[in-house]
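Below, read A as the first sequence line, B as the second, and so on, with proteins coming before strands; counting in each chain starts at 1.
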Protein chains: 2
Amino acid sequence: MSAMTRAEAADVPDDGAPQTPERLRRLASRLLSQLTTRSDRLINEGLARADARKWHYAVLASLQEYGPGSQATLSRRTGIYRSDMVGVLNELTERGLVERAPDPDDRRRNTITISPRGRRRLRRLDKVLDELHDELLAPLSPVERDQFARLLTRLLDHHTRTS
Amino acid sequence: MSAMTRAEAADVPDDGAPQTPERLRRLASRLLSQLTTRSDRLINEGLARADARKWHYAVLASLQEYGPGSQATLSRRTGIYRSDMVGVLNELTERGLVERAPDPDDRRRNTITISPRGRRRLRRLDKVLDELHDELLAPLSPVERDQFARLLTRLLDHHTRTS
DNA sequence: CACAAACGTTTGTCGCACTAACGTTGTCGG
DNA sequence: CCGACAACGTTAGTGCGACAAACGTTTGTG
C-alpha cells in the first residue's frame, strides 16, 4: 500500500511519454472527445484558411441538395440552432453566397437561396474538406475509413432515434 | 434551374425525417463531433447523478495508477490544463477524495494524494462509466466495440504524435 | 549572482450547443 | 369571426471545454 507509491514522481525523470492511465486509454467516450477536439481544430483551421466555417458548408450543402428553404428548415436540415443560424446567414449573405429574401407566401419566413457564387464556393469547400479528411484519416486504409464511418453512423443514428 | 427548387419547402409537409444532406452524412469530422456531443452529454449527466465529473475520474485514475504527483504532473497525465486543474482539485479535496499538501522537497509544488475514500469513489465511478458506455455503444457487438476503440486509438495516436 | 524555467493561480477568450424571451405572423377550433 | 396557440426570426445569455496571458514564488543553471 505504500511500497509502490511515488513510483515515478521522484525516481524516474518522466521521460517524454505522458503516461496516460489505462483506465482512460480504454474509455471510448474519452477517445471520442479527444479525437474530436483534434479533428475540429484541424477542420476549423483548414476552413479558416479558405475564409469559411463548417457551418457555412453545412448550409450551402443543404441548399444545393434540397433547394431553397426557410431558416427554420435549414436549421433542421443542418442541425444548427436557429439562434445561431442568424449569424451564419449574415456571414453567407455578406460574402454573396446566399440570398435572404422575405417569403411572400408566409411573411414570418425568410427564403434562403444559394447563389452561383455559393455553388462555386461549395465545390471549392468540397475539395478543401476532402484534403482535410485525408489528413484526419491518414492512418486508416480505405476499407478502414469506411468501417469507421459506418460505425460512427450507426452509433449516431441510435442516439438520435433515442433522443 | 427553377423546376426542382422549392421541392419540399412548400409541396411536401416535411414528414418527420430531418433530411440531412448526403455531403454531411458522409463527413467523418461531422459524424465525430455530433456523436461526441451526444456522448459527452450522456456521460456528463450520468456522472452528475453520482456527483462527479469526468475530470474527477481522470485525476483519480491517474493517482491510482501512477501514484501521487504534482498538479503539473497530473495535468500532463490527464490532459487537463493546469489552469483548470486548480478547480478540479478544489472539488476533489472538498469531497475528501484527494489530499493537497505542499511538497517539502520543492516548495513550488503541491503533492496530490488519493485518499481511501477516493479509491472507493474511483471503483464506484468505474461501474457508473461501464454502464454508461454500455448505453453509448449499445448498437455495437463486443467485436465491433473493440474495432471502434482500436480505430479511435490509432487516429488519436497519429494526431498526438503529429501534434 | 543573474536569469531562465517550472509551478500554482487568476483572469479571460473562443467556439459550440442550447435556453429564454419577444414581437410578428399564420392556423385552427369553437 | 376571434381567441388561443404554434411557428418564425432575432437577441441575449448560459454552461462547458480547450486554451492563452500574465503574475508571484521558487528552483535549478551558466
Test your reading of the model: is there a side-chain donor-acceptor pair from A/Ser115 to the backbone of A/Gly96, 3.5 Å cut-off? yes
Quick one: label B/Arg100 by what it contacts on the DNA or RNA (base, sugar-phosphate, nothing), any heavy atom closer than 4.0 Å. sugar-phosphate
Which nucleotide in the set C/dT25, C/dA17, C/dC16 lies at the smallest distance from any side-chain heavy atom of B/Thr37? C/dA17
On DNA chain D, nearest-nucleotide positions of A/Asp84 versus A/Arg41: which is more 5'? A/Asp84
Distance-only, no hydrogens or angles: does the B/Thr73 side chain make a donor-acceptor pair with backbone N or O of B/Gly69 under 3.5 Å? no
Take B/Leu136 and A/Leu155 through the side chain to side chain contact (heavy atoms under 4.5 Å, CB included) test and state the conclusion after the steps. CA-CA 8 Å; B/Leu136 174 62; A/Leu155 288 170; 5.7 Å; no
Whole angstroms only, please: what is the CG-C1' distance between A/Asp103 and C/dT24? 14 Å
Spacing of B/Glu65 atom CD and A/Leu24 atom CG [to the nearest 0.5 Å]: 7.0 Å
Please determine whether side chain to side chain contact (heavy atoms under 4.5 Å, CB included) holds for the pair B/Leu92 and B/Trp55, giving the CA-CA distance in whole Å, both sets of side-chain angles, and the decisive distance to 0.1 Å. CA-CA 10 Å; B/Leu92 288 174; B/Trp55 284 349; over 6 Å; no
Rounded to whole Å, CZ of A/Arg82 lies from P of C/dC18 at a distance of 13 Å
Just checking A/Ser83: base, sugar-phosphate only, or nothing, at a heavy-atom cut-off of under 4.0 Å? base
Of A/Asn110 and A/Gln34, the one whose closest DNA chain D nucleotide lies more 5': A/Asn110
Does A/Arg100 form a side chain to side chain donor-acceptor pair (under 3.5 Å) with A/Gln71? I'd like the steps, not just the answer. CA-CA 9 Å; A/Arg100 173 155 50 179; A/Gln71 298 188 193; 2.9 Å; yes
Give a yes/no on whether any side-chain N or O of A/Tyr81 is located under 4.0 angstrom from OP1 or OP2 of C/dC16. no
Check every nucleotide of DNA chain D for an atom under 4.0 Å from a heavy-atom of chain A, then give the first and the last such nucleotide from 5' to 3'. D/dA6 to D/dC19
